[in-house]
Amino acid sequence: MQHALYDQLTASQREAVLHIEGPLLVLAGPGSGKTRVITYRIAALIDAGVRPDNICAITFTNKAATEMRQRAVALGASAGAHISTFHSLCVRILRRYAEQAGVRASFSVYDESDQARCMKQAVKDCGLDTTNFSPARMLEAVSALKNNVIDAQSFTQQADDFFSRTLARIYLRYEQILAERNGLDFDDLLLKTAFLLRDRSDVRIELANRFRFLLIDEYQDTNHAQYRIARDLVSEHNNICATGDPDQSIYRWRGADIRNILAFEKDWPDAVVVKLEENFRSTARILEAADSLIAFNQSRKQKRLLPTRPAGKDVDVTVFEDEAEEAHGVAHRIKELADAGQSLREAAVFYRVNAMSRAVEEAFIRSKIPYQVVRGVEFYNRKEIRDVLAYLKVLVNPRDELALMRIINTPARGIGKTTIDRARAYAAANGITLYEACTRAGNIDALPKAGQAKLTVFVKMIEQFKAHVGEKVAPVIERVFVESGLEKSLELGGLRDQAALENVEELMNAAAQYDAEAEEPSLLDYLQQVALFSDVDSYDTSAERVALMTLHAAKGLEFDNVFIIGLEDGLLPHERSYDDRDQMEEERRLLFVGITRARTGLNLSWARYRTVRGQMLRTIHSQFLEELGIEPARLDTEQQAWYSPDDDDNARTGAHPPKFVTGQKVRHECFGPGKVEEFIDMGENSVVVVKFNTGQTKSLLVKYADLSEI
DNA sequence: CATAGCCGCCTTTTT
DNA sequence: GGCGGCTATG
């Protein structure tokens, strides 16, 4: 690397970048240039003569991995370093060492809903009812065990009370079901890899030599299984570099163990520790608020955020009447920013729960503000996408009964419940999989000739698809989509199906991109990787659109202007965190993460009333607001500082029809009294939807309706 | 066997 | 308020 590049770094950044051999811990506060340090480090390692393929960098999301790859290459580092999430890495390892790990390389990756189905089955198989042993709860418990590298056998041995013994039975059965279907859930990817490294020193040594330099970002959010994997991977050379910030640990509920980062120096006693405390991102006012807030956490090492930027604007705190006004207020403010020439992609709205995006979206649509919702799984959870992927899964993993059940009669081809039940009974009686049973449909005596014929046609179609498995992924998807009849079934439909068609097209585009870019492209790899994808990965940072996301998804990102909504008691901190001090502290860290995403503008808000599960409830503002170190006078303003309904954008058009708000009581000449359900603000063509006391609901053009307020 | 409509369930955050 | 599963009906 040219020496000039290092000149851009601070002394401590340079120290971290140029530390080559031996364990290194980088404790990096928000906005301290951590990402930059990691990418420079990759370049510096290569510069020092390390072969790219001896480097393995672990990121928290796929998106972070993609970005890091691009940045490293832009810095002049030759491509070839392995950069991915822990889960992606484990998929590759398990496929490569399937035999040693005791799995089949063709495994399906089971996502949350797949897991739920298997768990439901497991609970039922154990003769328990799903009310007392809710699959979700059981899944949570099993996941916690897996994250702590405890398998079903060893848990069974240590289970000593009624609940544990029951859970052990469920765990065992759940594992059996997954094994029968050749499926691995998210946690299995880590667990099986941890066991592989523990039990097979030959594999461990081979991998340790392959990945001579291991870099792990967001180390504060690793769980025990990930820790074990990392420890074993560096067991031969100790070249581990971990970066993170204990104050930004927000995944405890998912098994993340903050002790990993706190105990790093115990695990690697000769570790060099570099602290990056200067913040180059946010203005001083924003950092003061963040600093003041996080200081309320008791189980934490004292740490200062050192601002390098000027004071900047005050942090804005606003109270609104309800969530609709709050959303409208945010929209209004963003319009102002846009009018002042600010870029929309530099604005983001954060919230505690996904459901809160709705109100904001509605306001943005009305205000014609382009936006994108960055959400957990949305795209790959759509029915049509899952259907197509299920076909592909059956092609590479015929044991995947979950996938098979999904497609066997989708689109409808006359294979109903009775037919399937009989085929299944035949499979059980003969100790074969359901798919195998279908291939022998002619032998299933319990089935009428018509049923046998339908199954045979289905199997024939699948077998024909199989002939193309070795080809590029996108064409296979297209073939399956067309020839399975899925496409046709959607073409007949209405608007909804039209959207579905477009989604599948989008899937094919993404697959084509995969075909072009993947390291080792294959249908199997595609399916295993796609299961690990989330919508955060498809978040387009270059689009001129406001980003809407949860506080969790905001991790690692930064924006000029940040809006955090719903600072209310029970929401942030979330009510489910009340009874546990550690969880309360995590809620505080969550807000801390959100605040420190902002470069220059930070707008916090709460609403006096919020609709929860369809009910409008009175709220109390979040205790966190008082912990920001902002003068009380600015915290709880009676009237909004910069927004009032009269001062709307459309007021500028010159026309001034009356405006209404949801819930408002009005009277109409003919229909009598009623309540406003919706007000669609379109200037002089505004529409108001009123539910009248007579029971009927009417949409009325405001300028003609002559409604009067009550 | 397919479809529509209804009921009852859950609802924090996500790789 | 949304979704999955169940039932009743064609």
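Just so it is clear: chains get the letters A, B, ... in the order the sequence lines come, proteins before strands, and each one is counted from 1.
Both thresholds, 5.5 Å between centres and 30° between ring planes, are met by A/His574 relative to the base of B/dT12, so the two rings are stacked. Between the side-chain ring of A/Trp253 and the base of B/dT13, a stacking contact exists by the 5.5 Å and 30° definition.
The nearest whole Å value for the distance from the CD atom in A/Glu585 to the P atom in B/dT13 is 22 Å. Between A/Glu112 atom CD and C/dC3 atom C1' the separation is 14 Å, expressed in whole Å. As a whole-Å value, the separation of A/Leu590 CG from B/dT13 C1' is 7 Å. Rounded to a whole Å, the CZ atom of A/Arg382 is 16 Å from the C1' atom of C/dC3. For the pair A/Arg610 CZ and C/dG1 P, the computed distance is 14 Å after rounding to whole Å. For the pair A/Asn354 CG and B/dC10 P, the computed distance is 20 Å after rounding to whole Å. Rounded to an integer number of Å, the gap from A/Glu586 CD to B/dT14 C1' is 12 Å.
Listed by chain and number, the residues in a ring pair (Phe, Tyr, Trp, His ring centres under 6.0 Å) with A/Tyr174 amount to none (sequence neighbours excluded).
Ring centers of A/Phe86 and A/Phe60: at least 6.0 Å apart, outside the cut-off.
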Detail all sub-3.5 Å separations between protein N/O atoms and N/O atoms belonging to nucleotides 4-10 of chain C.
none

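Put simply, A/Arg413 has no side-chain N or O that comes within less than 4.0 Å of OP1 or OP2 on B/dC1. For A/Thr550 and B/dT14, the shortest distance from a side-chain N or O to OP1 or OP2 is below 4.0 Å.
The CD atom of A/Gln226 sits 10.5 Å away from atom OG1 of A/Thr193, with the distance rounded to the nearest 0.5 Å. Atom CD of A/Gln121 is separated from atom CG of A/Leu178 by 11.5 Å, given to the nearest 0.5 angstrom. Summarising the geometry, atom OG1 belonging to A/Thr418 is positioned 9.0 Å from atom CG belonging to A/Leu447; distances are rounded to the nearest 0.5 Å.
No hydrogens or angles considered: nothing links the side chains of A/Asn223 and A/Asp257 as a donor-acceptor pair under 3.5 Å.
Comparing atom distances between the A/Asn409 side chain and each of B/dT14, B/dA2, B/dT15 picks out B/dA2 as nearest. Comparing B/dT12, B/dT15, C/dG1 against the side chain of A/Val353 picks out B/dT12 as the nearest. Nearest to the side chain of A/Tyr251, among B/dT14, B/dA2, B/dT12, sits B/dT14.
Comparing A/Ser88 and A/Thr419 by the nucleotide of DNA chain B that holds the closest heavy atom to each, the one mapping nearer the 5' end is A/Thr419.
Checked by distance alone, A/Arg576 brings no side-chain donor or acceptor within 3.5 Å of a matching partner on the base of B/dT13.
A/Arg254 forms a cation-pi arrangement with A/Tyr251, by the criterion of a distance under 6.0 Å to the ring centre and an angle within 45° of the ring axis.
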